[in-house]
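Remarks on the structure that follows.
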Amino acid sequence: MILYVRFHAADAELSEAALPTLLGLIEDITPVVQALPPDGALVDVRGAERYFGRDAAGLAALLRVRALAHCGADCTIGVGANPLLARTAARDAPPGRTLVVPGGPEAAAEYLGRKPVASLLGVGPATARTLCSYGLDTVGRVAAAPLATLQRIVGARAGRELQERARGIDRTPVVPNAASRSLAAERRFDRDELDPVRHRRALLSLAQEVGVRLRGEEQVCRSLALTVRYADRSTTTRTRTLVEPTAHSAALTAGAYGLYASLGLQRARVRAVALRAEGLTPAEQAAHQLTFDPADDKARRIEAVADRARAKFGPRAVLPGSLAA
């Protein structure tokens with residue numbers, strides 16, 4: 001069985017710096033842990049079930065007790081036969097509780113079947129609207145639809161993946177990694193936000209913060225992941241590989257805007273947005289494509305001066321004009 005664990009600090013905001021400590025508590029139970037910064041992890045407990053003589057729900061309870069005792073952080077945990085079911089269960093679970101999806105294809109189909117298609121992980125608002133226009137408004141109807149029909153609607157590969165997910169099939173493995181391989185920042189709105197201008201302003205702020213932190217640690221990232229959390233607690237995540245590894249704020253901002261545009265949001269009530277830089281490597285090992293554009297060279301020199309000003313006078317010493325207003 002797979003656990004999807006999301007940590008909650010006592011003050012309702014978990015610092016990313018605490019994640020490695022919490023991951024260490026999980027690794028005392030099983031070494032198969034995939035960090036999902038800023039506050040989550042996927043955990044394969046199949047070996048641990050035999051070792052500890054407990055089922056997955058029992059191990060989830062053990063983990064919650066340890067996280068509370070050692071770090072003062074509670075957990076919301078989803079338990080399922082694969083990452084898809086575990087993630088969905090964690091999203092449906094009340095905060096600080098554990099929800100178990102029973103094993104077996106019939107149980108998975110029953111659990112997913114009555115959910116709206118927009119709740120299926122990997123289905124964004126634009127795809128959901130398209131499917132609903134064909135009458136495929138629930139996960140169960142998508143699961144029962146002929147594969148050829150789905151492929152005509154969303155494409156060959158996407159159609160196959162969509163049908164498998166609707167049937168509770170997810171072959172994605174839990175890949176052990178280290179939290180330090182990524183870096184994330186999040187912005188939560190004071191209220192559910194509809195205005196795309198405010199969404200983009202938050203993305204600009206996130207890209208600036210991630211860029212400053214990357215340069216401060218002398219690292220670059222190979223890809224960006226954008227997670228949007230909606231008013232109903234559902235989330236959508238998109239990932240994009242960058243043209244070249246970078247810590248340049250302008251490149252990160254362009255990547256973040258591109259990910260946001262790919263979601264096709266229309267009147268979406270957004271509660272929070274998070275931007276994660278993935279595939280971190282030392283900046284000295286990264287190659288930078290030479291350019292004859294004087295504007296790019298000037299922007300990088302200004303960026304270096306701004307970083308020195310922030311180091312001396314604080315993080316808000318230099319801000320883009322739209323964030324300073």
Inter-residue atom distance [X].[atom1] - [Y].[atom2], 0.5 Å rounding:
| X | Y | atom1 | atom2 | value |
| --- | --- | --- | --- | --- |
| E278 | T241 | CD | OG1 | 9.0 Å |
| T30 | L59 | OG1 | CG | 9.0 Å |
| L280 | L214 | CG | CG | 6.0 Å |
| S234 | R91 | OG | CZ | 6.0 Å |
| S249 | L204 | OG | CG | 9.0 Å |
| R191 | R269 | CZ | CZ | 11.0 Å |

Is there side-chain contact between [X] and [Y], with at least one heavy-atom pair below 4.5 Å?
| X | Y | value |
| --- | --- | --- |
| I29 | R66 | yes |
| N82 | I169 | no |
| T76 | R97 | no |

Inset, instruction - Mark yes when over 12 heavy atoms from residues, nucleotides or ligands other than F52 sit less than 6.0 Å from its CZ; otherwise mark no. - result: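 Enclosed: over 12 neighbouring heavy atoms sit under 6.0 Å from CZ of F52.
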Legend entry - For A225 against T239, the heavy-atom pair lying closest together: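 Smallest heavy-atom distance, with atoms named: CB-OG1, 3.7 Å.
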Legend entry - Closest contact, heavy atoms only, G78 versus A89: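 In terms of heavy atoms, the two residues are closest at CA-CB, 3.7 Å.
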Legend entry - Residues clustered with L136, ILVMFWY side-chain links under 4.5 angstrom: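 When side chains under 4.5 Å apart are linked, the cluster holding L136 also contains L85, L99, V101, Y111, L112, V117, L120, V123, L131, Y134, V139, V142, L150, I153, V154, L162.
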Inset, instruction - Give the ring-plane orientation class for H199 versus Y260, where under 30° counts as parallel, over 60° as perpendicular and anything between as tilted. - result: perpendicular
Inset, instruction - State whether the side chain of Q34 and the backbone N or O of V175 hold a donor-acceptor pair below 3.5 Å, judged by distance alone. - result: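 Yes; judged by distance alone, with no hydrogens or angles, the pair exists.
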Legend entry - Test item: R64 side-chain N/O and D74 main-chain N/O as donor-acceptor pair under 3.5 Å: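 Side chain of R64 to backbone of D74, a donor-acceptor pair under 3.5 Å: no, none is there.
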Salt bridge between [X] and [Y], side-chain N to carboxylate O under 4.0 Å?
| X | Y | value |
| --- | --- | --- |
| R87 | D170 | no |
| E186 | R229 | yes |
| E244 | R222 | no |

Legend entry - Partner of V228 under side-chain contact (heavy atoms from CB on, under 4.5 Å), chosen from L259, L263, L203: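 Output: one option passes, namely L263.
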Legend entry - Passing candidate, side-chain contact (heavy atoms from CB on, under 4.5 Å) with Y230, options D192, T235, L265: L265
Legend entry - Cationic tip of R271 above F189 ring, under 6.0 Å, 45° of axis: no
Legend entry - Shared hydrophobic cluster, L42 / L84 (ILVMFWY, side-chain heavy atoms < 4.5 Å): no
